[in-house]
Asker: 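Take this structure first; my questions come after.
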Amino acid sequence: MTDRQLLVTAALPYANGHIHIGHLVEYIQTDIWVRFQKLRGRKCVFVCADDTHGTAIMIRARQEGRPETELIADMQAAHERDFAGFDIAFDHYGSTNSVENYELCKEIWKSLRQANLIAERDVEQLFDPVAGTFLADRFVKGTCPLCKAPDQYGDNCSKCGATYSPTDLIDPISTLSGAKPITKSASHLFVELEKMHPFLEEWTQSGKHLQPEVANYLKGHFLGNPLRDWDVSRPNPYFGFAIPDSPNNYWYVWFDAPIGYIASTWQWCKRNNRSLADWWQSEATEIHHFIGKDITYFHTLFWPGVLKSAGYSLPEFVHIHGFLTVDGEKMAKSKGTQVLASTYIRHLDPAFLRYFYASKLGPKLDDIDLNVTEFINKVNSDLVGKVVNLASRSARFVESVGLAVEYPHDGGLFAAAAAAGERIASAYEQLDYARATRLIMELADQANAYVENTAPWTLKKDPTQQHRLQEVCTIVLNLFRQICIYLTPVLPRLAQQCGDLLNVKIHHWNDSQTPLVGTNVSKFEHLLQRIAPEKVQAMIDESKEATPATTSETPASTGFNDTGDALLAEPMAPTCTIDDFTKVDLRVARIIKAEEVPEAKKLVKLTVSLGGDNTRTLFAGIKAAYTLEQLQGRLVVIVANLQPRQMKFGLSEGMVTAAGPGGTEVFLLGIDSGAVPGQRIH
RNA sequence: GGCGAAGUAGCUCAGUUGGUUAGAGCAACGGCUUCAUAAGCCGUGGGUCGCUGGUUCAAGUCCAGUCUUCGCUACCA
């Protein structure tokens, strides 16, 4: 049993963006589990890698005018810096764009071929005649062929969860150019997942590898129907690996990304002179994947199917977590709640976030909430007020004499806390960190009560009680050390500091079972600073400023600093002629009445005047961004000749122009003073 | 409206297979203490466990219905 070794992975971050505190939920959760296993003495390897391929990377590199390899190298360096800043200790951090990954992709591909799971057939495929490229997955939108939900991406439906090929979409549109794609015939390669249906049914429903909610979800959404063939090739141009036996075709990023888990392990094996087969093709190794709920399908159906047929070990467990909300709401750049890891680290100690997440994380898929006030209270109260305070209020008394040579009678406190170790360990093991931290804080409460009852500060004043003082502090510091040991997976730096203070390092969970005696006690220094609310606010403010929104004052010396993100989010439309443009009649209009639509979440009803008696009623999705008062009376630019559209709450006779991604980030077009309603925009 | 999740003290949550007066932490209030990073200790207040009905000797815990909230989506033309 103890001979079994663990291989742990966290999801591969995509090389198209920076790590933020939402991502960190997963990496911290995983890192805690890995550190716990290592502290328990289990052989455990933690691997991860950057996910580097795909159209998004290709397009971005193209827009930045540099090779993809340069882009992904920069991003990988940034990711690794961020992780290091939060003490996420990977044994190896690789890249899916590696020779090892390519080798493995080829090998696994061969296995799939041999297992007769690859179907090759010419399919009608969508092609963007403007951009001159085939359109894949996220670059085509349209109506879901199953549930008819509009505006769905080409790989799966966010509404009904169905997966399909982009060509199955109804009324597709290229998000690259906005052009209507034409269909072209191209050779395509599919994994026939349905052939593995019985296996996947058994594996997912065995109750051993997935959280019960996840198993139910799969059963209800996928396993009740035949599994669709999985399109794993993308035609040139594409940034990825060329498929050796299929000229002009590349593997789709989701094919090589999970194989990156194996490739990264392989790189680790090479460095450490190990055999990859011991980790990925051996009963002796348990594989644990940690992922977010958004990528459940790939990791619980597609990936096990590939592993099974290619002769690799199946995951022992796929641990799935929820998302992060901040103050009960989805993270938003506009509110400064989408805090980048690099921004956080400039203002606050990573230990705070690690502890806070630990205190909130359970084994379920529930989203966890970061309430700013609770964050400050909890960290200050638990870590500073309770835990660190134990050392702070006892270490100084024994700086000169050290710990007693024999552990004194403590009324069973140490033994009770030692016994609690197994309950805490079990909570960690089951990913119930909230329970683990709660149990640990109980120990801290008991220890603080002990200090209160023995009153070392009184003993200090009595020359005859100096030995007793040493005994009391020996007990308190041992209780403190036990707590540090139990918190080591969450707070590795604190464990280190505890080792420095008492001059014996913490190596193993079982160090909590034996009291430390006779060692020197170093000069006490503060182990953690309390969180100052101003620092949290500063972090949030900085996160707001980090958004692409232009500021009115721009430093003359540095010039403008607008990022390309907005353009990237919404690529340029194809060239149009002046005739095309004049078809659109843009007019200045005044909002003469702005009304609430109570049942609508996004819409506001506007009555606008084009001057004189010419008024229009129109609906605009700006409810979250503007108050009725702000709208009342202001001039806007509207598309005046747009075909009226029947909406749920009435007929909309035009469209208000605005920029921004939506939600609270909508910015209406204004016009310089002098313009009057009815004037046309030329 | 659809899909998903959830509704337990001011806040964040625990409450095993239904079983004695429903718990914790934080916050609040009162007192004590001063070793400690205005930290600590003791104590108090506060919940008709969303609502209604049902099953049961017994329901926060099971069933039905209902309401509400959150996320995605439908409405951002």
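Computed from a predicted structure; not experimentally measured. Computed from heavy atoms alone, side chains included, the values below leave out hydrogens, waters and symmetry copies. Here is the naming used below: chain letters follow the sequence lines, and residue numbers restart at 1 for every chain.
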Asker: Rounded to the nearest Å, what distance is computed from the CZ atom of residue A:R587 to the P atom of nucleotide B:rA77?
Answerer: 20 Å
Asker: Within this structure, what is the CD-to-C1' distance between A:Q446 and B:rA24, rounded to whole angstrom?
Answerer: 13 Å
Asker: What integer number of Å spans the P atoms of B:rC32 and B:rG47?
Answerer: 28 Å
Asker: Can you tell me, in whole Å, how much space there is between the C1' of B:rG25 and that of B:rC62?
Answerer: 30 Å
Asker: Check the pair A:S522, A:N503 against side chain to side chain donor-acceptor pair (under 3.5 Å), reporting the backbone distance first and the verdict last.
Answerer: CA-CA 7 Å; A:S522 306; A:N503 292 292; 3.2 Å; yes
Asker: I need the CZ-P distance between A:F356 and B:rC11, as an integer number of Å.
Answerer: 16 Å
Asker: Does the protein touch nucleotides 28-35 of chain B at the base, only the backbone, or not at all? Give it as B, S and - per nucleotide, heavy atoms under 4.0 Å.
Answerer: -----SSB
Asker: Give the intermediate values and the outcome of salt bridge (charged side-chain N to carboxylate O under 4.0 Å, His left out) for residues A:K386 and A:E442.
Answerer: CA-CA 10 Å; A:K386 288 180 182 177; A:E442 280 177 22; over 6 Å; no
Asker: Expressed in angstrom and rounded to an integer, what is the separation of A:L370 atom CG from B:rC70 atom C1'?
Answerer: 17 Å
Asker: Within the structure provided, determine whether A:D500 and A:Q496 are in side-chain contact (heavy-atom separation under 4.5 Å).
Answerer: yes
Asker: For RNA chain B, what dot-bracket results from Watson-Crick or G-U pairs at under 3.5 Å, with [ ] for crossers and | for inter-strand partners?
Answerer: (((((((..((((.....[...)))).(((((.......))))).....(((((..]....))))))))))))....
Asker: I need the CZ-P distance between A:F619 and B:rA74, as an integer number of Å.
Answerer: 18 Å
Asker: For the C1' atoms, the ones on B:rC26 and on B:rA14, what distance do you get once it is rounded to whole angstrom?
Answerer: 14 Å
Asker: Would you say the rings of A:F290 and A:W33 are close, in the sense that their centroids are separated by under 6.0 Å?
Answerer: yes
Asker: What interatomic distance, in whole Å, is found between C1' of B:rG19 and the corresponding atom of B:rA59?
Answerer: 10 Å
Asker: Can you check the A:D349 CG to B:rU37 C1' distance for me, whole Å?
Answerer: 14 Å
Asker: Please say whether more than 12 non-hydrogen atoms of neighbouring residues, nucleotides or ligands are located less than 6.0 Å from CD in A:E399.
Answerer: yes
Asker: Over all strands shown, is A:V388 touching base, sugar-phosphate only, or nothing at heavy-atom distances under 4.0 angstrom?
Answerer: base
Asker: What nucleotide, of B:rG25, B:rA36, B:rA27, holds the atom closest to the side chain of A:N377?
Answerer: B:rA27
Asker: Quick one: on RNA chain B, does A:T373 or A:A620 contact a more 5' nucleotide (nearest heavy atom)?
Answerer: A:T373
Asker: Using 0.5 Å steps for rounding, measure from the CZ atom of A:R616 to the CD1 atom of A:I591.
Answerer: 14.0 Å
Asker: Taking the C1' atom of each, how far is B:rU73 from B:rC29, in whole Å?
Answerer: 47 Å
Asker: Could you tell me how the ring of A:Y433 sits relative to the ring of A:Y428: parallel (under 30°), tilted (30 to 60°) or perpendicular (over 60°)?
Answerer: tilted
Asker: Do A:K293 and A:F323 meet the cation-pi criteria used here (NZ or CZ under 6.0 Å from the six-membered ring centre, within 45° of the axis)?
Answerer: yes
Asker: Verify whether one side chain among A:T325 and A:D369 offers a donor that lies under 3.5 Å from an acceptor in the other.
Answerer: yes
Asker: Taking B:rC49 as the reference, what is the distance to B:rA24 when you measure between their C1' atoms (whole Å, please)?
Answerer: 15 Å
Asker: Using the C1' atom in both, what is the distance from B:rA6 to B:rU66, to the nearest Å?
Answerer: 16 Å
Asker: Can you name the nearest heavy-atom pair linking A:F356 to A:N371, along with the distance?
Answerer: CZ-N, 4.2 Å
Asker: A:S426 pairs by side chain to side chain donor-acceptor pair (under 3.5 Å) with which of A:Q430, A:R423, A:E429?
Answerer: A:Q430
Asker: In whole Å, what is the span from the CD atom of A:E399 to the P atom of B:rA36?
Answerer: 12 Å
Asker: Output one line per pair: protein atom, nucleotide atom from nucleotides 12-14 of chain B, and distance, for all N/O pairs under 3.5 Å.
Answerer:
| from | atom 1 | to | atom 2 | distance (Å) |
| --- | --- | --- | --- | --- |
| B:rU12 | O3' | A:K360 | NZ | 3.4 |
| B:rU12 | O2' | A:K360 | NZ | 2.2 |
| B:rU12 | O2' | A:E374 | OE2 | 3.3 |

Asker: Counting only N and O atoms by type, is there a donor-acceptor contact under 3.5 Å from the side chain of A:N520 to the main-chain atoms of A:G402?
Answerer: no
Asker: Figure out the NZ/C1' separation between A:K386 and B:rA38, and round it to whole Å.
Answerer: 17 Å
Asker: Mapping A:S381 and A:A449 to their closest nucleotides on RNA chain B, which lands nearer the 5' end?
Answerer: A:S381
Asker: Answer with base, sugar-phosphate or nothing: what part of the nucleic acid does A:L527 contact at a heavy-atom distance below 4.0 Å?
Answerer: base
Asker: Looking at side-chain heavy atoms only, is the closest gap between A:Y355 and A:D382 below 4.5 Å?
Answerer: yes
Asker: Taking any heavy-atom pair under 4.0 Å as a contact, classify A:L365: base, sugar-phosphate, or nothing.
Answerer: nothing
Asker: Expressed as a whole number of Å, how far does the C1' atom of B:rG31 sit from that of B:rG71?
Answerer: 46 Å
